[in-house]
Amino acid sequence: MSRVAIHIELPKIQHALEDSERWNADWERLMSTQDLNFILGYSLNKLVQRRRATAAPESTDEYLINLNNAIEMRQRLGKIGIFTFIDMDFEATWMNAAPSERRKHVLVGLSEGCSIARNLNDARRFTADVLKVDHLSRDGKTYLDLFKTIMPGSDLDTTPDLYYIPNPEWDSFQERMKEKYAASKVHLVSLGEMQVLRTELIYYVVGYTMMSFIGLKIDRVAGIKPRGASSDFKTAQAKKMYKEGDRIQRMMFGFEEAKRRKAEEKQVAKALIARRVVMCFQCQKHQPEGEKFSRCSRCWNNLKRDVVYCSRECQIIDYKKSHKMICGKEVDMDVATQFASKRAAAEYPTTPQQIPPAVPGFKRSPYLLRHIQLLNKNPNADFFFRIAYTGETTSDFISMDLTNPYLHKALRSVRNKAMSTGDRESIVALSHGTLWYCNASSFDKKFGWNFDNFCDQMAKEWEMEMPDLKEAILELDRKRFEDPLNRKRP
């Protein structure tokens with residue numbers, strides 16, 4: 001029985017920035033004509049084939065690098081998101097922009113994200129449900145919802161986990177493959193790598209789109225080689241794999257065109273290698289030209305894994321902080337994931353948390369996250385009133401600090417419940433209590449603040465309709481006025 005070779009020609013990384021419109025059209029044509037399950041199955045087989053051609057097919061190095069990058073980008077999105085959503089009124093500006101204007105910036109986000117590295121360009125085949133230009137730009141709301149979903153759901157000074165964007169077909173494929181290849185570490189690592197690459201690319205595209213829209217410089221991410229030895233790709237199996245690839249190219253395009261394509265790919269590979277940087281794994285300092293950082297000898301000698309440091313001091317700090325977990329040894333998916341979390345936790349130290357974590361199912365808005373961030377950094381404050389939108393924390397917010405122990409305890413109890421659960425009754429009670437304080441403290445005379453300002457702040461923080469919130473506060477006020485002792489009725 002003759003063997004049939006299946007080959008899917010993916011749009012090239014070099015075209016992402018050179019001719020982004022054509023490159024995007026090629027991608028969207030491919031994604032619209034190919035069944036997602038077929039693409040995922042084909043991609044898994046190709047990735048497994050590639051891994052088996054290396055000296056370390058079960059290595060989690062690439063998975064670990066991409067996981068670290070994705071966590072770092074999510075943390076960055078959280079911090080930039082607060083600035084853009086609140087201080088620059090990003091949501092309203094984005095929605096008011098013409099669809100053609102939004103489309104232009106989504107295309108920039110896509111092309112910049114996919115041009116970081118070849119594996120991220122190729123990972124676009126895993127994102128047909130999310131990363132389509134018109135899907136993200138036409139109504140405006142789709143992109144904003146995706147941004148808010150990705151943003152960390154707790155205080156922005158905590159270490160974020162990795163939020164995987166769900167998709168029924170993708171999730172079903174993952175479960176089937178995990179069950180089918182439960183005994184194959186190569187398949188399981190490849191599945192994990194596919195999922196992380198999908199997530200990482202979505203994060204970059206969302207972030208770069210926003211940065212393009214507001215005029216922030218997009219800092220290109222340098223590719224980092226997971227293993228220092230090119231000998232991984234000089235095994236007999238690797239040579240056989242590349243020889244088979246050349247045969248398929250000649251069969252599909254003819255000798256001359258296949259030769260031209262191979263030469264072009266070599267030039268692209270050289271360009272990508274030239275963009276790589278060497279940087280200290282502890283302080284992220286880039287290796288200056290003419291200087292050579294020292295390697296972790298155990299990682300290099302045992303695995304040919306490049307882990308470099310600018311100084312002995314940085315190496316000692318990183319070893320104690322997290323590197324000890326993987327130093328000189330292969331690690332499985334669980335340990336690799338634990339290492340990424342531990343490294344991120346050390347990279348982003350937390351501030352003491354005054355507000356409990358959000359309960360499952362409650363997603364905090366960027367405005368509420370900003371409020372919680374202020375409360376965590378100012379533990380004596382009970383509440384912050386927003387009195388302006390200038391982008392300056394010291395002039396935009398005024399803190400409320402209750403001195404009466406009973407009122408202090410009561411307000412914090414209802415505040416914590418409102419901010420961690422989104423419970424409507426608690427939100428209304430918190431609003432009523434803070435308004436009472438404002439009236440008693442003459443806030444309106446001191447700061448030019450009024451009831452409408454307050455309702456606008458609360459509506460944005462809890463994403464509620466302002467007329468409903470106003471009416472609920474006023475209704476509670478009427479009940480309190482009718483019965484100032486707040487006696488419970490039978």
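Bear in mind that the values here come from a model prediction, so they are computed numbers and not experimental data.
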Non-neighbouring partners of Tyr203 that pass side-chain hydrogen bond (donor to acceptor under 3.5 Å, both in side chains), sequence neighbours left out: none
For Tyr309, side-chain hydrogen bond (donor to acceptor under 3.5 Å, both in side chains) partners two or more places apart: Asp318
Test your reading of the model: is there a side-chain donor-acceptor pair from [X] to the backbone of [Y], 3.5 Å cut-off?
| X | Y | answer |
| --- | --- | --- |
| Gln287 | Phe293 | yes |
| Arg305 | Lys329 | yes |
| Asn121 | Pro11 | yes |
| Ser311 | Cys314 | yes |
| Glu193 | Asn66 | no |
| Tyr367 | Glu463 | no |
| Ser365 | Glu461 | yes |
| Ser20 | Leu17 | no |
| Thr209 | Val205 | yes |
| Asn96 | Ala92 | yes |

So which atom in [X] and which in [Y] form the shortest heavy-atom distance, rounded to 0.1 Å?
| X | Y | value |
| --- | --- | --- |
| Arg124 | Lys132 | NH2-CA, 4.4 Å |
| Arg102 | Met95 | NH1-O, 3.3 Å |
| Met333 | Val189 | SD-CA, 3.8 Å |
| Ile355 | Asn376 | N-OD1, 3.6 Å |
| Cys310 | Lys285 | CB-CD, 4.2 Å |
| Tyr204 | Gly113 | CB-CA, 4.3 Å |

Candidate pair Ile202 and Leu146, rule side chain to side chain contact (heavy atoms under 4.5 Å, CB included), full reasoning: CA-CA 9 Å; Ile202 292 172; Leu146 182 60; 4.2 Å; yes
Is there side-chain contact between [X] and [Y], with at least one heavy-atom pair below 4.5 Å?
| X | Y | value |
| --- | --- | --- |
| Lys185 | Asp332 | no |
| Ile218 | Val108 | yes |
| Ser322 | Phe339 | yes |
| Glu112 | Ser115 | yes |
| Leu67 | Ile71 | yes |
| Met325 | Lys342 | yes |
| Val206 | Met73 | no |
| Asp26 | Leu30 | no |

Check: His371 ring centroid to Phe397 ring centroid under 6.0 Å: no
Intermediate values then yes/no, side chain to side chain contact (heavy atoms under 4.5 Å, CB included), Phe173 and Leu36: CA-CA 9 Å; Phe173 172 80; Leu36 179 60; over 6 Å; no
Plane angle bin for Trp23 and Trp27 - parallel if under 30°, tilted between 30 and 60°, otherwise perpendicular: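 Rings of Trp27 and Trp23: perpendicular, over 60°.
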Whether Phe383 and Phe454 hold their rings parallel, tilted or perpendicular, with breakpoints at 30° and 60°: tilted
Charged N-O contact under 4.0 Å between Lys104 and Glu101: yes
Pairs meeting criterion salt bridge (Lys or Arg N to Asp or Glu O under 4.0 Å) with involvement of residues 410-436, two or more places apart: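 Salt bridge (Lys or Arg N to Asp or Glu O under 4.0 Å) check on residues 410-436 returns Asp382-Arg412.
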Trp170/Met194 under side chain to side chain contact (heavy atoms under 4.5 Å, CB included): CA gap, chis, key distance, verdict: CA-CA 10 Å; Trp170 173 267; Met194 287 171 65; 4.0 Å; yes
Let me confirm one number: the [atom1]-[atom2] distance from [X] to [Y], rounded to the nearest 0.5 Å.
| X | Y | atom1 | atom2 | result |
| --- | --- | --- | --- | --- |
| Thr84 | Leu216 | OG1 | CG | 8.5 Å |
| Leu374 | Gln354 | CG | CD | 12.0 Å |
| Lys217 | Met211 | NZ | CE | 10.0 Å |
| Asn416 | Leu411 | CG | CG | 9.0 Å |
| Thr149 | Leu144 | OG1 | CG | 10.5 Å |
| Leu368 | Met458 | CG | CE | 9.0 Å |

Set of ring-ring contact (aromatic ring centres under 6.0 Å, His included) partners for Trp462, sequence neighbours left out: none
For Phe213, ring-ring contact (aromatic ring centres under 6.0 Å, His included) partners two or more places apart: Phe90, Trp94, His105
More than 12 heavy atoms from other groups under 6.0 Å of NZ on Lys148: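 Correct, the count exceeds 12.
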Donor-acceptor pair between Ser111 and Tyr208 side chains, under 3.5 angstrom: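 Tyr208 and Ser111 do not have a side-chain donor-acceptor pair below 3.5 Å.
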Side chain to side chain contact (heavy atoms under 4.5 Å, CB included) evaluation trace for Lys321 with Gln282: CA-CA 9 Å; Lys321 183 172 66 177; Gln282 164 57 26; 2.7 Å; yes
By side chain to side chain contact (heavy atoms under 4.5 Å, CB included) - contacts of Asp129 (at least two apart): Asn167, Arg198
Residue that, paired with Ser172, satisfies side chain to side chain donor-acceptor pair (under 3.5 Å) out of Gln174, Arg176, Glu175, Glu169: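 For Ser172, the side chain to side chain donor-acceptor pair (under 3.5 Å) check succeeds only for Arg176.
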For Val331, the option from Asp61, Ile326, Thr337 that meets side chain to side chain contact (heavy atoms under 4.5 Å, CB included):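 For Val331, the side chain to side chain contact (heavy atoms under 4.5 Å, CB included) check succeeds only for Ile326.
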